[in-house]
2 protein chains.
Amino acid sequence: MAALDRSLISRLPLFRGLTPDEQSELLRSARSSRYAKDTAIFEQETDAHSFFVLIAGHIRVVRTTPDGQQVIARYISEGEIFGVAAALGRTTYPASAVAAVDCVVLAWPNALWPELARRFPAFGATTYKTVGNRLQETQTRVMEMSTEQVEQRVAHALLRLANQTGRKTDGGIEIDFPISRQDIAEMTGTTLHTVSRLLSKWEERGIIVSGRQKVTVKDPHRLVVLAENRDKG
Amino acid sequence: MAALDRSLISRLPLFRGLTPDEQSELLRSARSSRYAKDTAIFEQETDAHSFFVLIAGHIRVVRTTPDGQQVIARYISEGEIFGVAAALGRTTYPASAVAAVDCVVLAWPNALWPELARRFPAFGATTYKTVGNRLQETQTRVMEMSTEQVEQRVAHALLRLANQTGRKTDGGIEIDFPISRQDIAEMTGTTLHTVSRLLSKWEERGIIVSGRQKVTVKDPHRLVVLAENRDKG
DNA sequence: CCCCGAGTTTGCGCCAGCGCAAATTCTGCC
DNA sequence: GGCAGAATTTGCGCTGGCGCAAACTCGGGG
């Protein structure tokens, strides 16, 4: 595995700032695994044993309420670190991580975190920076949910997905993993019905094209306008 | 200042795990200041020059939308660290911090963070743990805003305030800083009108007592029921 | 190639909670 | 002690978006 992963890994921002030797050392203490679509990498409330880096695929981070409703906290893309509960002093995972497509993942036992963070300060710093970004993103989301209408929130969510994981095709920017109306609803705090109505409307107007578990943004600019305008639909 | 602050500080959880000598050293690099009620410790989007520990008072962390609407991200209580943007790799503050009452604050230049975190690992670890807690709280808030009704959210917010900053009085648990209906609305994503109606209803039922910028929780148990029950008011 | 079931669309009725507006009550300051 | 302004309360009408239900569509497995 080492050789294969080395070439993949040296490209990832998370490992910039480490020498090839250091990268090798880091990798030596990791374990690589595959997860089939729709299987869980870890489950909410269970003992946090490891932290992870996504090598290939897309992961959905989901929180479930006591009465069973689900909310999508975020999507993880290639190269991102996730499940860092332990580095933040938690002993259990606050959410579940589910493979949105077949995934390849590196895992380190949490017990190694303090040592790794000490030995590779750049690695620790990047991780904390990531956490900082996520905290800010999450707060932005609270802000959006407090002040925006559903239409704007869905527009924002699509734009974010397009930026984060969009793949340029001839027809526009396609979100490159299967995403249902229900998923979008769980990202924006609404219902799949409302999302469906919005997407239909936008498709009529040529702003997007969408199909079963698939969305392509054709006209990001008009979507930005929708996301920002409080009035008028 | 040193002598005064030392006795105050050694009680704070943030400084547990440090020897008296280390505490003194940490303090030596800090600057202490007072902030009058309603003045800003730092402002959103401005250059992050320092991080802070609240010695006395209460601080409101506020994010403002491009069109001027405000959302309260959280309240900071005595002993908490805040404005740690730099430790998370940001160069500007993502929110403003405003004194909810007259406050005393310690400030360290951000430039010292790396050195301090290295020299006092317990201090760094506690800080990151705090950040982890806040990330989780913020995500919980997203979850609440996605799945709960306004009444439940307001009940949750009051319970959290009562827990975090509640002062036991003969009449119940009093939130010990001035908080308006507007503030509660900005914490829960609703309007001051709706908050006012809810508080009136709860006061009729003897669950709380409230006045101008003041709320006292008389019957936390019934508030918990309200916070958890999706149906029936 | 057909069928099954998950995912999606769409119609309809309703209501929680917002927006607006006006009245009322504090409270700190002069 | 009274006044001006801020905070709060309350009424009223409206509507965005949810809940329910039914129809439809598509893609993959048999």
Side-chain angles (χ1 to χ4, degrees), chain A residues 36-38 60 67-71 100-101 144-155 157-158 175 177-205 208-216 226 229-233, chain B residues 36-38 60 67 69-71 100-102 144-155 157-158 175 177-205 208-216 226 229-233:
Chain A
K37 185 179 155 141
D38 291 329
R60 188 168 57 236
D67 61 314
Q69 293 183 81
Q70 297 201 325
V71 173
V101 296
E144 288 180 2
M145 298 201 64
S146 298
T147 63
E148 296 180 353
Q149 314 263 106
V150 168
E151 182 168 32
Q152 300 172 76
R153 300 207 301 266
V154 174
L158 280 193
I175 294 166
F177 56 85
I179 185 165
S180 69
R181 308 290 182 266
Q182 175 70 37
D183 291 332
I184 299 176
E186 288 176 9
M187 297 179 68
T188 52
T190 180
T191 63
L192 79 164
H193 307 279
T194 299
V195 171
S196 177
R197 281 180 248 268
L198 286 172
L199 296 196
S200 297
K201 188 170 74 173
W202 294 344
E203 186 146 15
E204 269 174 30
R205 303 189 190 173
I208 65 165
V209 187
S210 77
R212 165 176 285 227
Q213 312 216 76
K214 183 159 147 296
V215 180
T216 306
L226 284 174
N229 254 350
R230 153 153 243 75
D231 41 50
K232 188 64 195 49
Chain B
K37 184 178 161 164
D38 290 330
R60 188 168 58 236
D67 60 315
Q69 293 184 79
Q70 297 201 326
V71 172
V101 295
D102 291 355
E144 288 180 3
M145 298 201 62
S146 297
T147 63
E148 296 180 353
Q149 313 263 103
V150 168
E151 181 168 31
Q152 299 173 77
R153 300 206 302 266
V154 174
L158 281 193
I175 294 166
F177 56 86
I179 184 165
S180 68
R181 308 291 183 266
Q182 176 70 38
D183 291 332
I184 299 176
E186 287 176 9
M187 297 179 67
T188 51
T190 180
T191 63
L192 78 164
H193 307 280
T194 299
V195 171
S196 176
R197 281 180 248 268
L198 286 171
L199 296 197
S200 298
K201 187 170 73 174
W202 293 343
E203 185 145 13
E204 269 174 31
R205 302 191 191 171
I208 64 165
V209 186
S210 76
R212 162 174 288 225
Q213 312 217 73
K214 182 158 148 297
V215 180
T216 305
L226 284 174
N229 254 350
R230 153 155 244 71
D231 43 50
K232 187 66 197 39

Between protein and nucleotides 11-18 of chain C, map the contacts as a letter string: B base, S sugar-phosphate only, - none, heavy atoms under 4.0 Å, written 5' to 3'.
BB---SSS
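- When every heavy atom of B/R153 is checked against every heavy atom of B/E144, the shortest pair comes out as CD-O, 3.7 Å.
- Summarising the geometry, the separation between CD on A/Q213 and P on C/dG5 is reported as 17 Å, rounded to the nearest angstrom.
- Between B/K214 atom NZ and C/dC26 atom P there is a gap of 12 Å when expressed in whole angstrom units.
- Rounded to a whole Å, the CZ atom of A/R181 is 13 Å from the C1' atom of C/dT10.
- Atom P of nucleotide D/dG17 and atom CE of B/M145 are separated by 13 Å, given to the nearest angstrom.
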Letter by letter from the 5' end, nucleotides 25-30 of chain D scores (B base, S sugar-phosphate only, - none; protein heavy atoms under 4.0 Å) BBS---
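- Between D/dT10 and B/S200, a contact under 4.0 Å exists linking OP1 or OP2 to a side-chain N or O.
- Counting heavy atoms from C-beta outward, B/V195 and B/D183 have side chains that stay 4.5 Å or more apart.
- B/D38 has its side chain within reach of B/R60: a pair of non-hydrogen atoms, C-beta onward, lies under 4.5 Å apart.
- Taking 4.5 Å as the limit, every side-chain heavy atom of A/L226 sits out of range of all side-chain heavy atoms of A/V154.
- Looking at heavy atoms from C-beta onward, B/F177 lies out of side-chain contact with B/K37 at the 4.5 angstrom threshold.
- Nucleotide D/dA6 holds its P atom 15 Å from the CG atom of B/D183, rounded to whole Å.
- The distance between atom CH2 of B/W202 and atom C1' of D/dT8, rounded to the nearest whole Å, is 16 Å.
- One can place CD of B/E186 at 14 Å from C1' of D/dA7, the figure rounded to the nearest angstrom.
- Side-chain atoms of A/T194 and A/T188, non-hydrogen and from C-beta on, never get closer than 4.5 Å to each other.
- Within the 4.5 Å cutoff, side-chain heavy atoms of A/L198 are placed close to those of A/V150.
- At a threshold of 4.5 Å between non-hydrogen side-chain atoms, the residues B/E203 and B/V209 count as touching.
- In this structure, A/S196 reaches the bases: a heavy-atom distance under 4.0 Å links it to at least one base atom across the strands shown.
- For A/L192 and D/dA21, the CG to P distance is 15 Å, given to the nearest whole Å.
- For the pair B/Q69 and B/D67, the minimum side-chain heavy-atom distance is below 4.5 Å.
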